Amino acid sequence: MSVSFNIAADLDAALQAAALAAGIDGADVFAPEVRTADPRNGDFQSNGVLGYAKARKLNPRAVAEKLVVALAPGVRDRCDVTIAGPGFINFTLKPATLLAWLRAFDSEDHLRAGAAAAHAGQTWVVDYSSPNTAKQMHVGHLRSAVIGEAICRMLAFTGARVIRDNHLGDWGTQFGKLIYGFKRWADPAALAADPIEELERVYKLGHAATPDDSPELNEARAELVKLQNGDPENFALWKKFSDVSLAAFQQIYDRLGIAFDHCLGESFYNDKLDRVYRELTETVPPIAEVSEGALVVFHLEHPRFKTQPFLIRKGDGASNYGSTDLATALYRAEHFRADGIVVVTDFRQGDHFEQLFLTVKKWFAAKKYRLPELHHVTFGAVTGEDGKALKTRDGGVIKLKALLDEAVDRAFAIVSEKNPELSELERREIARTVGLGAVQYADLSQNRSSNYVFSWEKMLALDGNTAPYLLYAVARIHSIFRKLEIAPSDVSTESIASMLETPAELSLARKLTKFPDGLRLATESLRPHFLSLYLYELAGEFSAFYTADKVAVDELPVRARRLLLCARTLVTLETGLHLLGLRTVTRM
RNA sequence: GGACCUGUAGCUCAAUUGGAUAGAGCACUUGGCUUCGAACCAAGGGGUCGGGGGUUCAAGUCCCUCCAGGUCCGCCA
């Protein structure tokens, strides 16, 4: 039996064909709207008949009846079809169909091959993390990095060529003060020991020593002008700041499984800004205009941006983030030939990116440049359990490194308590995976647009929608295969599998076939929590199956089919968790 | 003043982007290990989906309007 990756799409096409075959009025515009159903109603449901029948004053159940009769015979062979309620068409996959799907999609590679149609041939640039150089990454940098990486992996899995671009904040007025402070107070020993720490220290000194309207501030500005004019000494300093910062960032990225293809920061676009100014002012009518000395864009069609300007060059002629972000959009469209651009930042930059995208659309239209899809992926704040911004006990900023260390330490304590017989080395390794995974997963498992309450206790809990719960399911499945001395990937043991039969077997198998749906939802909406939710529900189905039906039974055909379910659950959980950026364990 | 986000069980969050009886975890009550990892599973109680109007065969979801919290609005990003 041949079965396709996305069964819902298949059924949708089948119903469309049935509409044509039945010769119903307006069959060419009929949209079946097949989607996954509540399990109580079946595997998939078609909702399209209701709206269609209503618009033509027909009886929806009669229309549904016609369609079901006209369905190609193959559909009835693969699933039970019923009409329910006011005119829903329900499809319940037969056990043989479930088994056929599970046999077809038996590895991460086969799942990927099935999923790759969604973005095949497309190039997507994802801009995430994007910290400022010469500063520590802190807790506020976590969400962009974690969400951005998950989005990259999902896009790549669904067929896209993904370019990971770290848009560093490596240019701007703060470097005048930093150089000013560095030249006076930098301590070589401290710099060697912890460069970022030392840079932050001298920046603070530089900032404090250059109050507004002071002669010292003018000196700091002079350092900035020298840097911007290519002064060798200042440029060398700036380069050093960038290098040590990137090296420090990379230590964090390594722990989170992140590897950027490019780190094209703001400085990279310095020589690309004049073109932006020129092209935005040379159109007729011009897109940008001078207002109060600055170059700005108003969007007259917009209720707010008709009076709230988008600043693209400062009054003193200097660039700002509006300038560089415009140049960045052009570079990504021209140089990378991007079909889509995703920028992952917190929601407070919403106005900026709305204005940016409006401007880019007008600009590209005027110059006849190909316009990529533009997405600003926003997320809410990370707060403590009191609802306020997350701080250390003394009110300071929590460094990302310290936060990740604590996650691993806490996980180590839990693993050591639950599984003291494992070697310390193995417990350390497990703690890394579980601790970091818990932090990542806590961020990914909830809708990114709401604020996120940071709670060690909740993210490290073994119950509920957490990384430890999912990893526990993974570990238990590995444990079964270990005990039976079979490799999960060894498909040959499955050849004698008998037909799926028990309620728990069928329920788990049905959930497994919904992986395409969870992945599609998460990828289309750029919201990884849809994939998390699916994985959590899958792990739940597995735990119920594990309790209800023993795998290692004496009847070999029964054992084989249950092992098949275990192997597929394992592949799906591991694939899904890897897509979210987590590592997995074989025991914990 | 304008705009955006959020508001769902006591608490933390979901709800396939308009579908059928709004679901999980925590907490509370009860049951299940001489059997593959009980870090688990099964069952129970718990709801004016912030309030009110509207659109629709169908609204937690869309529109309007209030209320509450958060955020942004010219030379930071």
Side-chain angles (χ1 to χ4, degrees), chain A residues 8 33 35-38 40-41 45 47 50-51 53-55 60 84-88 90 130 132 167 169 172-174 266 291-296 302-305 307-316 318 320-322 324-325 345-352 354-355 378 380-381 383 385 387 414-415 417-419 445-447 449-453 455 457-458 461-466 468-469 471-473 475-484 514 517-518 520-522 524-525 527 529-530 532-534 536-537 540 543-548 550-553 562 566 587-588:
Chain A
E33 293 178 36
R35 64 187 61 184
T36 60
D38 185 307
R40 284 173 294 208
N41 298 321
Q45 67 181 61
N47 302 329
L50 290 125
K54 175 65 186 174
F88 298 108
N90 291 336
S130 309
N132 291 326
H167 193 71
T173 46
Q174 72 271 26
E266 291 162 347
S291 165
E292 299 176 23
L295 190 62
V296 306
H302 194 280
R304 188 160 28 106
F305 301 145
T307 53
Q308 179 182 324
F310 180 48
L311 243 81
I312 67 170
R313 190 179 59 202
K314 298 199 276 187
D316 62 3
N320 69 346
Y321 61 103
T324 50
D325 280 355
T345 80
D346 78 86
F347 69 105
R348 288 175 303 193
Q349 296 187 41
D351 270 11
H352 169 72
E354 201 180 336
Q355 289 173 303
T378 62
T383 72
E385 294 183 67
I414 296 172
V415 173
E417 182 205 327
K418 301 279 187 188
N419 245 336
S445 60
Q446 77 173 258
N447 192 330
S449 35
S450 40
N451 285 352
Y452 151 40
V453 179
S455 161
E457 202 176 310
K458 288 204 169 76
L462 294 315
D463 304 307
N465 192 2
T466 66
Y469 179 78
L471 291 171
Y472 176 62
R476 282 214 289 194
I477 299 172
H478 275 293
S479 173
I480 294 169
F481 284 98
R482 254 197 316 271
K483 188 141 282 182
L484 296 176
K514 306 303 186 301
D517 186 54
R520 177 189 58 78
L521 272 171
E524 276 179 2
S525 61
R527 291 182 185 274
H529 81 282
F530 283 115
S532 304
L533 181 64
Y534 168 76
Y536 172 55
E537 289 174 350
S543 292
F545 158 79
Y546 181 89
T547 307
K550 188 172 167 65
V551 175
V553 292
R562 290 182 181 164
C566 289
R587 56 179 115 225
M588 66 184 272

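Remember, it's a predicted structure, so these values are computed and weren't measured experimentally.
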*Asks:* A:Asp351 and A:Gln349: side-chain donor and acceptor closer than 3.5 Å?
*Replies:* no

*Asks:* Check the interface with nucleotides 55-63 of chain B: list each N/O to N/O pair with the protein under 3.5 Å, or write none.
*Replies:*
residue: B:C57; atom: OP1; partner: A:Lys54; partner atom: NZ; Å: 3.2

*Asks:* Should A:Phe310 and A:Phe305 be marked as a ring-ring contact (aromatic ring centres under 6.0 Å, His included) after you check the CA-CA gap, both sets of side-chain angles, and the distance that decides it?
*Replies:* CA-CA 8 Å; A:Phe310 180 48; A:Phe305 301 145; 8.6 Å; no

*Asks:* Output the distance between atom CG (A:Leu471) and atom CG (A:Leu462), rounded to the nearest 0.5 Å.
*Replies:* 10.5 Å

*Asks:* Counting Watson-Crick and G-U wobble pairs only, both distances under 3.5 Å, name the nucleotide matched with B:A24, or none.
*Replies:* B:U12

*Asks:* Just name whichever nucleotide pairs with B:A42, Watson-Crick or G-U, keeping both distances under 3.5 Å, else none.
*Replies:* B:U30

*Asks:* Syn or anti for B:G74, please, going by whether the chi angle lies within 90° of 0.
*Replies:* syn

*Asks:* If I take atom CG in residue A:Asn90 and atom P in nucleotide B:U21, what distance separates them, rounded to the nearest angstrom?
*Replies:* 13 Å

*Asks:* Whom does B:U55 pair with, Watson-Crick or G-U wobble, provided both distances fall under 3.5 Å?
*Replies:* none

*Asks:* Measuring only between side-chain heavy atoms, which start at C-beta, is A:Asn47 closer than 4.5 Å to A:Phe88?
*Replies:* yes

*Asks:* Would you please test A:Thr466 and A:Ser445 for side chain to side chain contact (heavy atoms under 4.5 Å, CB included) and show each step?
*Replies:* CA-CA 8 Å; A:Thr466 66; A:Ser445 60; over 6 Å; no

*Asks:* Please report the distance separating the P of B:G60 from the corresponding atom of B:G19, rounded so that it comes out in whole Å.
*Replies:* 10 Å

*Asks:* Pick the C1' atom in B:U55 and in B:C64, then give their distance to the nearest Å.
*Replies:* 11 Å

*Asks:* Can you give one letter per nucleotide of nucleotides 30-38 of chain B, 5' to 3': B if a protein heavy atom sits under 4.0 Å from the base, S if only from the sugar-phosphate, - if neither?
*Replies:* -----SBBS

*Asks:* Which atoms form the tightest heavy-atom contact between A:Gln446 and A:Asn451, and what is the distance?
*Replies:* OE1-O, 3.2 Å

*Asks:* Given that A:Glu33 and A:Ser449 both sit by RNA chain B, which one's nearest nucleotide is further toward the 5' end?
*Replies:* A:Ser449

*Asks:* Give a yes or no on whether the backbone of A:Ala475 and the side-chain of A:Ser479 come within a donor-acceptor separation of less than 3.5 Å.
*Replies:* no

*Asks:* Using a cut-off of 4.0 Å on non-hydrogen atoms, how would the nucleic acid contact of A:Ser525 be classed: base, sugar-phosphate, or nothing?
*Replies:* base

*Asks:* Write down the distance separating the C1' atoms in B:G47 and B:A39, rounded off to the nearest Å.
*Replies:* 31 Å

*Asks:* What does A:Leu521 touch in the nucleic acid at a heavy-atom separation under 4.0 angstrom: a base, only the sugar-phosphate, or nothing?
*Replies:* base

*Asks:* Going by heavy atoms in the side chains, are A:Gln308 and A:Gln355 under 4.5 Å from each other?
*Replies:* yes

*Asks:* I'd like the C1' distance from B:U34 over to B:U29, given in whole Å.
*Replies:* 29 Å

*Asks:* Calculate the interatomic distance between A:Glu385 atom CD and B:C13 atom P; express it in whole Å.
*Replies:* 10 Å

*Asks:* Pairing check on B:U71: which nucleotide meets the Watson-Crick or G-U wobble criteria with it, both distances under 3.5 Å?
*Replies:* B:A3

*Asks:* Under 4.0 Å, heavy atoms only, any strand: does A:Tyr469 hit a base, just the sugar-phosphate, or nothing?
*Replies:* sugar-phosphate

*Asks:* If you measure from the C1' atom in B:G70 to the same atom in B:C75, how many Å do you get, rounded?
*Replies:* 26 Å

*Asks:* Please figure out whether A:Gln45 or A:Val453 has its closest RNA chain B nucleotide nearer the 5' end.
*Replies:* A:Val453

*Asks:* What's the gap between B:U61 and B:U8 when it is taken at their P atoms, as a whole Å value?
*Replies:* 14 Å

*Asks:* How would you list, by chain and number, every residue that makes a side-chain contact (heavy atoms from CB on, under 4.5 Å) with A:Asn320, sequence neighbours excluded?
*Replies:* A:Leu311, A:Lys314, A:Ser323

*Asks:* Under 4.0 Å, heavy atoms only, any strand: does A:Asp346 hit a base, just the sugar-phosphate, or nothing?
*Replies:* nothing

*Asks:* Could you check how far CD1 of A:Ile477 sits from P of B:C40, rounded to whole Å?
*Replies:* 15 Å

*Asks:* What is the distance from CG of A:Asp517 to C1' of B:A15, rounded to the nearest Å?
*Replies:* 13 Å

*Asks:* Please test A:Glu266 against A:His167 for side chain to side chain contact (heavy atoms under 4.5 Å, CB included), starting from the C-alpha separation and ending with a verdict.
*Replies:* CA-CA 7 Å; A:Glu266 291 162 347; A:His167 193 71; 4.0 Å; yes

*Asks:* What distance, rounded to whole Å, do you find between the two P atoms, one in B:U56 and one in B:A24?
*Replies:* 34 Å

*Asks:* Do you see a donor-acceptor pair shorter than 3.5 Å between the side chains of A:His302 and A:Glu354?
*Replies:* yes

*Asks:* Using 4.0 Å as the upper bound for N to carboxylate O, is an ion pair formed by A:Asp517 and A:Arg520?
*Replies:* yes

*Asks:* Between B:U8 atom P and A:Gln446 atom CD, what is the distance in whole Å?
*Replies:* 13 Å

*Asks:* What is the distance, rounded to the nearest whole Å, between atom CG of A:Leu462 and atom P of B:C41?
*Replies:* 10 Å

*Asks:* Restricting to side-chain contact (heavy atoms from CB on, under 4.5 Å), what partner residues turn up for A:Thr307, sequence neighbours left out?
*Replies:* none

*Asks:* How does protein reach along nucleotides 65-77 of chain B, written 5' to 3' as B (base within reach of a heavy atom under 4.0 Å), S (only sugar-phosphate), or - (no contact)?
*Replies:* ------SBSBBSB

*Asks:* How long is the line joining CG of A:Asn41 and P of B:U21, in whole Å?
*Replies:* 9 Å

*Asks:* What distance, rounded to whole Å, do you find between the two P atoms, one in B:G50 and one in B:U16?
*Replies:* 15 Å

*Asks:* Please lay out, stage by stage, how A:Ser455 and A:Glu385 fare under the test side chain to side chain contact (heavy atoms under 4.5 Å, CB included).
*Replies:* CA-CA 7 Å; A:Ser455 161; A:Glu385 294 183 67; 3.8 Å; yes

*Asks:* Cut-off 3.5 Å, side chains only: do A:Arg527 and A:Ser449 have a donor facing an acceptor?
*Replies:* yes

*Asks:* Mark this stacking check for A:Phe88 against B:A20 as yes or no, applying ring centres under 5.5 Å and ring planes under 30°.
*Replies:* yes

*Asks:* Side chain to side chain contact (heavy atoms under 4.5 Å, CB included) between A:Ile414 and A:Lys418: does it pass, once the steps are laid out?
*Replies:* CA-CA 6 Å; A:Ile414 296 172; A:Lys418 301 279 187 188; 4.1 Å; yes

*Asks:* Using a 4.0 Å heavy-atom cut-off to protein, can you give one letter per nucleotide of nucleotides 22-28 of chain B, 5' to 3': B if the base is in contact, S if only the sugar-phosphate is, - if neither?
*Replies:* -SSSS--

*Asks:* Is B:A77 paired to anything, Watson-Crick or G-U wobble with both distances less than 3.5 Å, and if yes, which nucleotide?
*Replies:* none

